[in-house]
2 protein chains.
Amino acid sequence: MSQRGRSIGRTPRRTPALIFAALGDETRLILVARLSRGKPHSISALTRGSKLTRQAITKHLRVLERAKIVRSVRTGRESLFEFDPQPIEEMKTYLNLVSRQWDNTLSRLKSFVES
Amino acid sequence: MSQRGRSIGRTPRRTPALIFAALGDETRLILVARLSRGKPHSISALTRGSKLTRQAITKHLRVLERAKIVRSVRTGRESLFEFDPQPIEEMKTYLNLVSRQWDNTLSRLKSFVES
DNA sequence: AAAAAGGGCAACCTTTTTGTTGCACATTAC
DNA sequence: GTAATGTGCAACAAAAAGGTTGCCCTTTTT
């Protein structure tokens, strides 16, 4: 993902592109899948079952966190990550918009052919 | 987008990660938006209205093409790109799966609390 | 026949991404 | 109290992404 072309200044606003980019990685999709099953997991827990190092997983989690797909809470010595469904819902809406545009085209085309 | 972690060998299989990654860029989302309105556009046409060079736009189109979000047909001296809704539909399905997993968790949690 | 328009390819460059390693620090377990 | 555990941070390194420029080739226009 590129970070250029984001909002100019302040908080790196959470755009569709940012969220899609966060989902655009195999490892991160696996993390999302695990976390979306509900139970929060620590970084170490999420690292087990991955071939990557803890640091790599941490970085992936930070990417997901920037996109707000995931949220972390420090509890004692471990920081627990939990899923946040909001951005996913937003992307569903976004994709529906694209679909709808396409469908409109199709129906316009259809009525044109029929006329 | 990372290309590591894709299928080992043959045709770079079209995974959810690949498709999301293709959508994970502002410029490409704009291209998709334009093409999803229906009418195919040439590279030059798509370049007009962008601050980028033709080559840059071409590269973005190739990324979208690899993800099958877009398809090109050479006609005469220009190559026309047109939208293909399939991958978008697939991603909607994918996101619904994630959502559903989350919802299941919520309802399990709910019935647990109520019991 | 030229000129103009649309494109492909390759070489380069810069910035991001992705991943590792080493080390220090706090919290738990024994 | 010591050892384990779980993390954070920083420095690196390698690779991928995003863009540009230059050059050449093929269609269209004039």
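Proteins come first, then strands; the chains are lettered A, B, ... in the order of their sequence lines, and each starts at number 1.
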How would you list, by chain and number, every residue that makes a side chain to side chain contact (heavy atoms under 4.5 Å, CB included) with [X], sequence neighbours excluded?
X: B:Thr53; value: B:Gln55, B:Ala56
X: A:Ala33; value: none
X: A:Arg37; value: A:Arg34, B:Gln101

Measure [atom1]/[X] against [atom2]/[N] and give the value in whole Å, please.
X: B:Glu78; N: D:dC25; atom1: CD; atom2: C1'; value: 16 Å
X: A:Glu26; N: C:dT18; atom1: CD; atom2: C1'; value: 15 Å
X: A:Lys59; N: D:dA15; atom1: NZ; atom2: C1'; value: 13 Å
X: B:Asp25; N: C:dT16; atom1: CG; atom2: P; value: 13 Å
X: B:Arg62; N: D:dA17; atom1: CZ; atom2: C1'; value: 17 Å
X: A:Arg66; N: C:dT17; atom1: CZ; atom2: P; value: 6 Å
X: A:Leu61; N: C:dT17; atom1: CG; atom2: C1'; value: 16 Å

Problem set entry | Pairwise salt bridge (Lys or Arg N to Asp or Glu O under 4.0 Å) hits with a residue in residues 87-102 of chain A, at least two apart |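 Every pair satisfying salt bridge (Lys or Arg N to Asp or Glu O under 4.0 Å) with a residue in residues 87-102 of chain A: A:Arg14-A:Glu90, A:Glu89-A:Lys92.
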Problem set entry | Residues that A:Lys59 engages under salt bridge (Lys or Arg N to Asp or Glu O under 4.0 Å), provided they are two or more places apart | none
Exercise. What's the shortest heavy-atom distance between A:Pro16 and B:Leu29, and which atoms?
Worked result: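 Result for this residue pair: CB-CD1, 3.9 Å.
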Exercise. Looking only at heavy atoms, what is the nearest atom pair of B:Leu61 and B:Val70, with distance?
Worked result: O-CG1, 4.2 Å
Exercise. In terms of side-chain heavy atoms of B:His60, which of D:dG19, C:dG8, C:dG19 is nearest?
Worked result: D:dG19
Side-chain donor/acceptor pairs under 3.5 Å, residues 78-85 of chain A, sequence neighbours excluded:
from	atom 1	to	atom 2	distance (Å)
A:Glu82	OE2	A:Arg71	NE	3.2
A:Asp84	OD1	A:Gln86	N	2.9
A:Asp84	OD2	A:Arg71	NH1	2.8

Short N/O separations, protein against nucleotides 28-30 of chain D, under 3.5 angstrom:
from	atom 1	to	atom 2	distance (Å)
D:dT28	O4'	B:Arg77	NH1	3.3

Problem set entry | N/O donor-acceptor pair under 3.5 Å between B:Arg54 side chain and B:Ser44 backbone | no
Seminar exercise, completed: Overall bend of the helix from C:dA1-D:dT30 to C:dC30-D:dG1 (five pairs an end, 10° steps) is 30°
Problem set entry | Set of side chain to side chain donor-acceptor pair (under 3.5 Å) partners for B:Ser72, sequence neighbours left out | B:Glu65
Exercise. Using the ring of each side chain (for Trp, its six-membered ring), is B:Phe20 parallel, tilted or perpendicular to B:Tyr94, with breaks at 30° and 60°?
Worked result: perpendicular
Exercise. Looking at DNA chain D, which of residues 33-56 of chain B put a heavy atom within less than 4.0 Å of it?
Worked result: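 Heavy-atom cutoff 4.0 Å gives B:Leu52, B:Thr53, B:Gln55, B:Ala56.
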